[in-house]
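Just so it is clear, the model here is predicted, and its values are computed rather than measured. Per chain, numbering begins at 1; letters A, B, ... match sequence-line order.
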Amino acid sequence: MRLTRRTFFKLGGAAGALTLAGPAPAAGAASKVPGGSMKAVLVDTTKCVGCRACEAACAEANGLSGPELAGDDRVFAAPRTTSTRAFTVVNRYPGHDGAPDRFVKRQCMHCVEPACASACLARAIEKTPEGPVVYHGDRCLGCRYCMVACPFEVPKFEYESATPFIRKCTFCPERQAKGLEPACTSVCPTGALTFGTRATLLLEARQRVYGSPEKYAQEIYGELEAGGTSWMYIGDRPLEKVGLPASVPNVAFSSLTQPALAAVPFVLTLWPPLLMGLYTFSQRRNGVDAAATTDTHEVRHE
Amino acid sequence: MIPHDILTLYGAKGLEYVIAIAFLVLFVPFWRYAMGTRPAPEPAIVRAAQAAPAHSDLVEWFRVARDVFYHPGHAWARAAEAAGAVLVGADDFAQKLVGPLRTIELPAPGTAVRQGEPAWRLHAGDKTLDMLSPVDGVVTAVNREVLDNPGLLRDDPYGAGWLLQVQSPRFAAQRKGLLSGRMAHRWIEDATNALRLRMSPDLGLAMQDGGVPVDGIAQALAPEDWDRVAREFLLS
Amino acid sequence: MSSRPATLTAPQPWFTEKVLMGQPWAEYRRGLFTPFNAVAAFVLAIGIPIIVYRFAAGLGATTNLSQTNPWGIWIGFDMLCGVALAAGGYTLATTVYIFGLDDYHPVVRPAVLTGFLGYVFAVLGLMCDLGRPWNLPIPMVYSFGTTSVMFEVGWCVMLYTIVLALEFSPALFQWLGWQTLRTYLLRATIGLTVAAVMLSTLHQSSLGALFLMAPTKLHPLWYSPFIPIFFFVSSIVAGLSMVIVESSLSHRAFQSRVDHHVDMDKLVLGLARAASVILFAYVFLRLQGLADSGRTDLLATPLGLWFIAEIVLFAAVPCLLFAHGARTRNATLVRWTAGWSVLGIVVYRLNVSVVAYNWEAAERYIPSWMEVWTSLTLVTTGILVFRWIVNRMPVLRDESGH
């Protein structure tokens with residue numbers, strides 16, 4: 001779809017007004033929202049026009065070869081996933097019964113409590129306090145457990161390489177450190193991507209969604225999924241219908257393995273007395289069976 | 001997946017209780033079924049002993065009885081019921097060392113034996129070996145069954161394979177000079193190690209099958225003059 | 001007491017005596033030409049170049065792993081099954097040293113050896129699977145991902161392999177003639193056994209706990225917060241069954257090395273009795289997991305039927321056969337059942353890691369022939385090493401103490 005200057009200004013103006021119109025959150029709001037003070041992005045799928053400027057900006061910022069089929073709408077023929085060479089993709093979901101097509105940008109969700117980070121045995125993936133979930137290739141073993149753990153199927157592995165790394169969206173921490181926005185959100189022409197703190201954006205999302213129930217489906221994807229993600233989605237149809245994984249439990253995935261790990265110190269503490277008790281008991285029983293004047297057991301163990 | 005709504009939760013937890021109770025109810029009959037017609041627990045390591053009480057142990061390859069006293073020449077002595085009566089025989093080491101016996105020559109009742117002096121004779125192959133008596137005394141009885149069936153010595157050297165009954169009034173004092181219990185075990189271990197040192201590698205492998213690998217270790221070690229080897233151990 | 005005699009045979013060079021088993025080189029070389037060795041050579045001749053290729057060209061060139069299916073049979077079989085089937089080490093050590101059931105002494109050392117080699121080759125399989133195996137020291141030395149179950153697995157497996165090596169070392173030292181070291185290590189047996197049980201409890205269960213991280217990917221009938229318990233209990237069964245299988249095969253293959261005075265049938269029946277009781281409990285535990293999942297509606301689907309088949313055919317049936325075989329003193333039935341039980345353990349772990357994992361994904365994972373051949377190569381090499389050790393060191397024979 002071609003973007004006319006008129007449409008651009010209409011959408012841009014509306015987006016700007018909306019951003020300015022919202023009241024500033026009360027001082028305590030950030031602490032109530034998990035990861036409230038961390039940086040986040042609100043993706044409003046009703047605003048995305050599929051221009052894929054975000055894909056181009058991401059490729060340039062990360063030194064990747066440009067997005068595939070740039071400017072060619074045939075790229076939307078089937079939904080794509082991110083890959084080791086494309087950290088973000090925009091997919092098109094056709095509308096039914098006269099509803100417009102919707103475009104949905106996919107990338108790492110930068111969860112508040114990332115499954116991948118809790119799964120990594122070498123801390124090669126870590127959640128930073130500012131928000132981005134970052135990857136340190138120098139520590140990575142290539143075990144691919146992060147890929148198993150991520151419910152959004154984000155981490156991608158360089159199978160074609162003999163020295164493979166995991167590749168995924170970084171949330172541009174170097175740019176954020178300089179006070180800039182991530183590459184993708186900085187070039188979005190329609191305001192589909194809004195960069196801010198998670199608490200602010202959640203409030204913004206609620207205002208849009210609950211304020212205009214005729215325009216938005218009543219859900220904020222990422223508010224609770226996997227314990228909360230930094231990239232949150234709203235749209236005019238249920239987001240599971242536009243490619244986002246359905247039935248992701250509303251718990252931080254690290255809590256799923258916590259009970260198993262919590263058992264470790266208990267086993268290390270309780271097993272020795274238990275086993276030594278059994279040992280003493282069995283030794284005594286064996287001693288009773290043997291004749292009185294014997295050193296059999298000592299001999300047997302020599 | 002994990003959470004259920006409260007209504008299915010009732011059903012799920014209820015089902016769990018049912019399964020647990022079913023398990024407990026079925027467990028006892030299953031246990032009895034599985035433990036089933038097991039005979040009274042017996043050691044898995046086969047003992048050749050029959051009439052002899054199970055009072056001997058396996059020290060490596062050789063059976064060592066717990067309630068006997070050993071002479072360094074591999075004869076044993078044990079107090080019998082009658083006062084001053086002592087049963088005497090050859091130990092498992094001696095028997096395995098020498099191997100299958102043609103016959104045994106035992107002293108006639110009334111013969112005097114002295115501790116450390118040759119008391120009886122083993123005939124194996126075409127060689128003859130003396131064994132030393134473990135006690136002083138006078139022979140009051142010999143084991144006729146062993147004379148007829150020297151194999152008894154192999155099957156049950158400490159029980160039915162006894163050789164002599166000796167009247168030994170000073171046994172209580174004399175047995176202080178004999179080996180028993182832990183000392184006897186150590187001594188047999190040392191003897192076994194001494195045997196091992198002599199073994200060539202392939203013989204060693206065959207013998208390390210455990211149990212009694214060959215009948216007549218001495219013969220396996222030195223086919224020509226095995227009696228010389230045997231006498232080194234039997235001190236005769 | 002006899003004085004130290006002169007040796008009756010000339011001592012042979014250490015290499016000839018210890019490594020060539022006392023045979024001259026020509027004779028030893030001739031003895032190598034057996035059918036089994038021919039098959040093994042064929043497997044290795046193809047397998048070793050494949051492994052080299054895997055490291056040279058990367059995982060994409062040799063495996064059918066993908067972005068959707070990051071784990072395949074090198075994790076599902078080599079790692080998960082290898083570790084489970086090597087559980088005989090700690091189960092038999094517990095039976096003999098903790099429970100004091102000395103009757104099982106003849107099988108504890110081969111079980112420990114099977115355990116040790118099982119873990120070594122499971123870890124080698126893991127090395128093949130890791131994308132960057134040279135970074136393995138990192139989580140061991142300075143970057144500790146303590147929230148990760150994988151971290152715990154890695155550490156426990158590493159420590160346990162060391163414990164197994166120490167448990168086996170008296171046999172090695174006996175072979176080398178290092179008596180002092182051997183005596184010293186024998187004293188540590190109880191401590192090593194306690195450590196072995198602790199570490200095994202932890203990592204056998206944690207290998208299952210790995211999959212707790214994938215509630216959206218693992219089929220609801222297999223996904224359960226009790227996976228760690230299922231893996232741990234089934235590992236005990238795996239260990240006992242594998243000891244029965246291994247002892248049966250060893251006694252056939254190594255006739256000359258075996259202690260013929262040991263009543264193996266009796267031991268095998270005893271192990272079968274234990275395995276049947278544990279399997280009985282395991283079946284009910286799996287049913288509890290089913291109830292807890294709240295998804296009994298899924299039993300009517302193809303995967304649901306496979307779930308039922310897995311529990312009935314591969315857990316309940318061996319349970320009953322073990323019990324029946326033990327009860328009727330049918331050692332042959334027990335041995336075949338043990339083989340079936342081993343298969344059942346493999347089926348369970350492959351189900352969790354490959355079949356029920358990503359069950360809704362369009363793209364199914366089938367291992368590539370190179371993946372299968374690599375696993376085959378590792379197993380074959382493990383058998384060859386096992387045979388080499390058993391032929392030379394006191395493993396199948398009952399010597400003083402151990």
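- Donor-acceptor pairing under 3.5 Å is lacking for the side chains of A:Tyr159 and A:Thr84.
- Using a 4.5 Å cut-off between heavy atoms, A:Cys120 touches chain C through its backbone atoms (N, CA, C, O) alone.
- Among the candidates A:Leu270, A:Ile166, A:Thr257, the residue making the largest number of heavy-atom pairs closer than 4.5 Å to chain C is A:Thr257.
- Distance alone, capped at 3.5 Å, is enough to place a donor-acceptor pair between the A:Arg198 side chain and the A:Glu223 backbone.
- Interface remark: A:Ala124 contributes no atoms to any contact with chain C (heavy atom separation under 4.5 Å).
- If you measure heavy-atom distances from A:Thr163 to chain C, the contacts under 4.5 Å come from both the backbone and the side chain.
- Among A:Ala117, A:Pro164, A:Gly137, the residue with the largest count of heavy-atom pairs under 4.5 Å with chain C is A:Pro164.
- Heavy atoms closer than 4.5 Å to chain A are found in the backbone of C:Asn69, but not in its side chain.
- Neither the backbone nor the side chain of C:Ile229 comes within less than 4.5 Å of any heavy atom in chain A.
- With a 4.5 Å cut-off on non-hydrogen atoms, C:Glu152 touches chain A through its side chain but not through its backbone.
- Using a 4.5 Å cut-off between heavy atoms, C:Phe144 contacts chain A through its backbone alone, with no side-chain atom that close.
- The backbone N or O of A:Ala119 lies less than 3.5 Å from a partner atom in the side chain of C:Ser148, making a donor-acceptor pair.
- Proximity to chain A involves both the backbone and the side chain of C:Leu210, based on heavy atoms less than 4.5 angstrom apart.
- Side chains of A:Glu153 and A:Thr81: no donor on one and acceptor on the other come within 3.5 Å.
- In terms of heavy-atom pairs under 4.5 Å with chain C, the best-connected choice from A:Ser83, A:Ser254, A:Cys140 is A:Cys140.
- With a 4.5 angstrom heavy-atom cutoff, C:Ala209 touches chain A via backbone and side-chain atoms both.
- Figure legend: A:Arg167 and A:Phe87 shown without cation-pi pairing, the cationic atom not lying both under 6.0 angstrom from the six-membered ring centre and within 45 degrees of its axis.
- One distance of note links OG1 of C:Thr193 with OH of C:Tyr97; it measures 6.5 Å at 0.5 Å rounding.
- Between chain A and the residues C:Thr62, C:Thr94, C:Asp129, the most heavy-atom pairs under 4.5 angstrom are made by C:Asp129.
- Distance alone, capped at 3.5 Å, is enough to place a donor-acceptor pair between the A:Tyr221 side chain and the A:Pro245 backbone.
- Highest contact tally toward chain A, considering only C:Arg187, C:Arg132, C:Arg54, C:Met198, is held by C:Arg132 [criterion: heavy-atom pairs under 4.5 Å].
- Judged purely by atom type and a 3.5 angstrom limit, A:Arg144 uses its side chain to pair as donor or acceptor with the backbone of C:Pro70.
- For the set A:Ala162, A:Ala122, A:Ser161, the entry with the most heavy-atom pairs within less than 4.5 Å of chain C is A:Ala122.
- For an aromatic pair to be called close, the ring centres must be under 6.0 Å apart, and A:Tyr145 with C:Trp71 satisfies this.
- Between the side chains of A:Lys105 and A:Thr88, at least one donor N or O lies within less than 3.5 Å of an accepting N or O.
- With a 4.5 angstrom heavy-atom cutoff, C:Ile138 touches chain A only via side-chain atoms.
- Contact count against chain A (heavy-atom pairs under 4.5 Å) is highest for C:Phe151 among C:Phe211, C:Phe151, C:Trp155.
- The residue among A:Gly277, A:Ala263, A:Ala260, A:Ala149 with the most heavy atom pairs within less than 4.5 Å of chain C is A:Ala149.
- Under a 3.5 Å cut-off, the side chain of A:Thr229 and the backbone N or O of A:His110 do not form any donor-acceptor pair.
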